[in-house]
There are 2 protein chains.
Amino acid sequence: MESDDFDLQDFLPYLLNQAAEASSLAFQQVYKDRYGMLRTEWRVLFHLGIYGRMTAREIGQRSKMHKTKISRAVQKLADRRFLTRRPDDDDRRLEWLDLTSQGRAAYRDLREIAMRYDAGLSDKLTARENAVLRQALRKLAQDR
Amino acid sequence: MESDDFDLQDFLPYLLNQAAEASSLAFQQVYKDRYGMLRTEWRVLFHLGIYGRMTAREIGQRSKMHKTKISRAVQKLADRRFLTRRPDDDDRRLEWLDLTSQGRAAYRDLREIAMRYDAGLSDKLTARENAVLRQALRKLAQDR
DNA sequence: CGTTGTTAGTTACAAAATCAACCGTTAACT
DNA sequence: AGTTAACGGTTGATTTTGTAACTAACAACG
């Protein structure tokens with residue numbers, strides 16, 4: 001009964017979460033069904049696909065994922081021959097990660113789908129909404 | 001190494017997720033530290049606080065949370081005397097959920113914090129960004 | 001050198017999310 | 001009524017995440 005003037009749908013953390021979940025649902029289905037990947041795994045794959053050879057540490061800095069998540073994702077991707085790991089010669093704590101050709105193929109495939117998917121989302125918005133949205137999201141994502 | 005023109009920071013599902021995570025971090029800390037609640041739990045609390053008496057089913061429809069999450073959140077909130085449950089007289093599958101006075105107090109407390117918190121986030125954006133952002137997010141969150 | 005602190009990455013264990021199967025109840029159809 | 005399907009909600013098994021403690025390697029400073 002007694003209702004209330006506070007609007008959950010206007011509370012930014014909630015609204016952001018709803019939008020994020022809704023807008024990633026169908027894409028999630030793709031990398032899951034097609035490659036049996038988790039979100040952490042396609043993220044690692046994408047980082048390597050986009051930026052080329054990296055260490056887990058660099059991926060962590062860019063993505064803000066916790067290092068245990070990355071460690072596990074790398075393990076799975078290595079098991080499935082999507083990437084190879086090689087210790088650095090100078091600093092043997094570091095491991096350089098490279099996509100295999102299989103990994104690159106998966107990346108290219110998923111990137112294609114991601115681009116079309118993103119275009120589909122953009123279509124729901126006006127040009128101005130798209131520009132302002134991305135700008136605003138970047139500001140919000142910034143500090144952490 | 002071979003880099004790539006695809007920009008992860010422009011991929012909406014990724015960007016949305018980053019923004020959502022960053023912007024809920026500090027608030028999460030509050031309901032966790034202050035009331036030992038999980039995200040699912042404050043969501044149920046907020047739904048009841050805002051809309052008054054509801055069933056788990058209705059909460060599920062509004063929030064899109066899975067029913068097992070809701071069931072467990074309701075259980076915990078009932079254990080801690082934040083809400084009471086009473087079966088419907090006509091349809092005994094349904095259970096009506098009501099906040100206790102303790103639950104309402106927690107809700108009011110957290111709502112206050114949420115409003116200030118949201119204002120703090122809004123301050124990072126211009127008035128126009130705020131308006132367009134929320135509008136766009138609502139569109140994206142819409143279909144599911 | 002040797003101690004102490006830091007870093008990259010892993011592992012172990014607990015907390016939480018997911019998924020399917022389930023129970024009791026109501027609805028639909030014969 | 002009697003059967004079957006659907007619904008609200010719960011439970012249990014499995015998967016995934018989070019947290020902390022750990023290993024191995026390097027760095028800094030005496």
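Chain identifiers are assigned alphabetically (A, B, ...) following the order of the sequence lines, protein sequences preceding nucleic acid strands; residue numbering begins at 1 within each chain.
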* To do: Compare the minimum distances between each of C/dC19, D/dG9, C/dG9 and the side chain of A/E95, then state the nucleotide with the smallest one.
  => C/dG9
* Whole angstrom value for the distance that separates P of C/dA20 from NZ of B/K69 -> 16 Å
* Can you check whether A/T68 has a side-chain N or O nearer than 4.0 Å to OP1 or OP2 of D/dG18? -> no
* **Under 4.0 angstrom between B/Q75 side-chain N/O and D/dT11 OP1 or OP2** => yes
* Nearest to the side chain of A/R85, which nucleotide is it out of D/dT19, C/dT10, C/dA17? -> C/dT10
* Asked: How are the rings of A/F46 and B/F11 set to each other: parallel, tilted or perpendicular (split at 30° and 60°)?
  -> parallel
* **Contacting residues from residues 39-47 of chain B, given that a heavy atom lies under 4.0 angstrom of DNA chain D** => none
* Measure from CD on B/Q28 to P on D/dT17 and round the result to the nearest Å. => 15 Å
* To do: Determine, for nucleotides 22-27 of chain C in 5'-to-3' order, which nucleotides have protein heavy atoms under 4.0 Å from the base (write B), from only the sugar-phosphate (write S), or from neither (write -).
  => --BBS-
* For the pair made of CE in B/M37 and C1' in C/dA15, what is the distance, rounded to whole Å? -> 18 Å
* With nearest nucleotides of DNA chain C determined for A/L94 and B/L38 from heavy-atom distances, which residue corresponds to the more 5′ nucleotide? -> A/L94
* Structure fact -> Per nearest nucleotide of DNA chain D, the residue lying toward the 5' end, B/W96 or A/D88, is B/W96
* Asked: Has A/K32 got a side-chain N or O lying under 4.0 Å from the OP1 or OP2 atom of C/dC19?
  -> yes
